[in-house]
2 protein chains.
Amino acid sequence: MSQTVARAIDIIGFVAHQPRPLNDVAEHLGVHKSTALRILQTLEGGGFVRKDAGGHYVMGFQLIAYGQLALDQVEARSLAHPVLQELAERHGHTVHLGELVGDHIVYIDKVDGRGSVAMGSRIGLRAQTHTAGVAKVITAYQAPAIRERILDQATFERFTDTTHTSRESLVADLNQTRARGWAEDDGEHEDYINCVAVPVRDARGKVTHGVSVTALTAVASLAELRNHVDEFRSAAQQISAELGWKGHTP
Amino acid sequence: MSQTVARAIDIIGFVAHQPRPLNDVAEHLGVHKSTALRILQTLEGGGFVRKDAGGHYVMGFQLIAYGQLALDQVEARSLAHPVLQELAERHGHTVHLGELVGDHIVYIDKVDGRGSVAMGSRIGLRAQTHTAGVAKVITAYQAPAIRERILDQATFERFTDTTHTSRESLVADLNQTRARGWAEDDGEHEDYINCVAVPVRDARGKVTHGVSVTALTAVASLAELRNHVDEFRSAAQQISAELGWKGHTP
DNA sequence: TACGGAGTTGCGCATATTGCAACAAGATCA
DNA sequence: TGATCTTGTTGCAATATGCGCAACTCCGTA
């Protein structure tokens with residue numbers, strides 16, 4: 001709706017990947033360099049971009065500060081964090097906390113396990129609806145109408161042999177997930193990574209969050225992760241309790 | 001330079017503190033609500049703001065994602081983090097990593113100690129030039145010209161009885177800092193908090209970073225912190241080594 | 001059913017934004 | 001050393017863009 005602001009947002013995304021000189025930014029936007037300069041200067045004034053040692057534009061420190069602040073404002077995170085941390089320490093695997101926001105599942109916390117590997121997930125990013133354990137477990141427990149809306153957002157892009165590439169296949173998985181009480185990711189995004197995910201309930205009993213435990217298949221097979229599901233579930237229930245849930249698993 | 005972008009930045013800062021309805025945003029900017037709406041919709045499209053459950057605008061998840069990404073791109077941080085973590089664990093105090101950016105010292109990492117207390121510092125924020133230990137230690141080791149530029153940014157606002165409120169007083173402290181090899185904060189920002197800070201050198205031997213260890217006076221007095229300065233210094237030297245510094249303390 | 005508050009959309013006007021062209025400041029090279 | 005190229009910055013005139021207005025919808029409340 002606002003062209004200039006849209007361009008400013010575009011710039012931040014462009015500069016996020018690597019440091020860029022003015023000319024590259026202008027070219028990327030398809031505008032004259034003076035135009036790009038003026039937007040960049042405004043962003044720089046607000047601390048959203050800055051110049052690195054080489055004079056190229058990179059993301060600014062205010063962006064970090066707002067990001068941290070926004071993170072602090074996600075209430076569930078502060079309650080859940082100690083539990084996630086303990087889980088990660090005890091098992092040595094990477095732990096994620098996901099939250100349903102609108103029609104997407106967003107990673108709101110992540111604790112790296114031992115020997116942390118590069119993983120696509122990042123706090124604040126949306127989880128892949130059709131592959132991520134957290135996404136699947138949260139989706140599985142939603143009312144039909146909401147579930148449909150979430151599924152509408154799935155891309156069904158194929159990443160590996162086991163990726164669900166059709167809605168029917170994913171729905172079957174979700175039903176199974178609900179039946180057994182947890183979700184599994186059997187190398188659906190990266191074939192050398194698997195994960196299990198358990199649901200977290202809020203005070204009204206709704207599944208608003210999910211906790212996933214992710215490991216390299218080389219470190220822990222899916223079967224090994226399954227052996228500890230009860231522990232993961234009790235951690236999730238601990239978080240549920242802190243969110244005010246008084247009930248028991250139906 | 002760009003009015004609309006400046007307004008967009010203003011909006012983000014405005015909704016950062018608390019959720020705001022459209023009317024409040026418009027009033028804050030002093031523009032018609034339709035104008036505010038269009039900027040908000042653009043920001044919403046980019047994920048920089050979102051609507052909470054009550055329809056009020058809050059910071060968006062893309063802001064968190066960019067914040068995390070920007071954090072990762074600060075190279076020194078990734079190298080220093082494990083060292084800071086060990087320091088925080090061993091002593092149980094809160095540890096900060098500060099970096100000189102332009103004429104300011106910015107917190108680029110923070111590891112909470114046991115029983116973490118609410119502290120004004122936040123990753124991405126600027127440190128108070130005249131009170132923060134990291135700021136003082138980094139400033140103390142700069143070349144005269146740079147030091148002057150940093151000192152020009154100091155507010156000398158009085159927070160407690162021990163706050164340096166004049167340039168002369170702070171400069172004397174900096175000289176002392178350089179002489180003894182570390183900086184101290186004797187309750188200069190909050191009278192119940194003190195801290196010591198040690199310098200970190202980059203590959204060229206320049207002091208670009210600082211590590212501070214902060215504690216409640218009730219938990220550890222300044223004298224007690226001093227007893228461990230050698231350990232803090234060796235941690236800082238470890239980071240310096242990872243940044244490529246081959247030399248020894250002159 | 002009428003009322004008031006909050007958000008949204010279409011439209012004409014004018015202001016803020018744009019591209020240009022000229023300039024400044026480094027690099028790079030002969 | 002000087003010439004040439006690259007990159008960033010500023011002044012200005014034209015107009016596309018963002019602006020306020022007013023009318024409308026949608027809620028909740030009386």
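Each chain gets a letter, A, B and so on, in the order its sequence line appears, and its residues count up from 1.
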Integer-rounded Å distance: C:dT17 P and A:Leu43 CG: 13 Å
Counting any heavy atom closer than 4.0 Å, what does B:Ser34 reach on the DNA or RNA strands: base, sugar-phosphate only, or nothing? base
A:Leu22 CG to D:dT10 P, straight-line distance once rounded to whole Å: 12 Å
So, does B:Asn23 get its side chain near the phosphate of C:dG5, meaning an N or O under 4.0 Å from OP1 or OP2? no
d(CE, A:Met1; C1', C:dG10) in whole Å: 11 Å
Choose from C:dT8, C:dT18, D:dG18 the nucleotide whose nearest atom is closest to any side-chain atom of A:Ser2. D:dG18
Rounded distance (Å) that lies between atom P of C:dT17 and atom CD of A:Gln3: 11 Å
So, are B:Glu148 and B:Arg167 salt-bridged, with charged N and O less than 4.0 Å apart? yes
Looking at A:Asp173 and A:Lys136, does any basic side-chain N land under 4.0 Å from a carboxylate oxygen? yes
Would you kindly give the CD-to-P distance between A:Glu27 and C:dG19, to the nearest whole Å? 14 Å
If you only use heavy atoms from C-beta on, which nucleotide in C:dT8, D:dT7, D:dG20 is closest to the side chain of B:Arg38? D:dG20
Choose from C:dT18, D:dT9, C:dA16 the nucleotide whose nearest atom is closest to any side-chain atom of A:Thr4. C:dT18
From NZ of A:Lys33 across to P of C:dA22 the rounded distance in Å is 13 Å
Please list, one pair per line, the donor and acceptor atoms closer than 3.5 Å that link side chains of residues 6-22 of chain B to other protein atoms, with sequence neighbours excluded.
unit_1	atom_1	unit_2	atom_2	d
B:Asp10	OD1	B:His28	NE2	3.0
B:His17	NE2	B:Gly13	O	3.4

Without swapping roles, check the side chain of A:Thr177 against the backbone of A:Val137 for a donor-acceptor pair under 3.5 Å. no
Under 3.5 Å: donor-acceptor pair, side chain of A:His32, backbone of A:Ser34: yes
Over how many whole Å does the gap from B:Gln41 atom CD to D:dC19 atom P extend? 13 Å
Without decimals, in angstroms, what is the distance between A:His32 NE2 and D:dC12 C1'? 13 Å
Please report the end-to-end axis angle for the helix from C:dT1-D:dA30 to C:dA30-D:dT1, five pairs per end, rounded to 10 degrees. 40°
Please figure out whether A:His56 or B:Val31 has its closest DNA chain D nucleotide nearer the 5' end. A:His56
Go through A:Arg147 and A:Asp103 one step at a time and tell me if the salt bridge (charged side-chain N to carboxylate O under 4.0 Å, His left out) criterion holds. CA-CA 9 Å; A:Arg147 193 205 283 217; A:Asp103 301 339; over 6 Å; no
Suppose we call two aromatic rings close when their centres sit under 6.0 Å apart. Are B:Phe159 and B:His130 close by that rule? yes
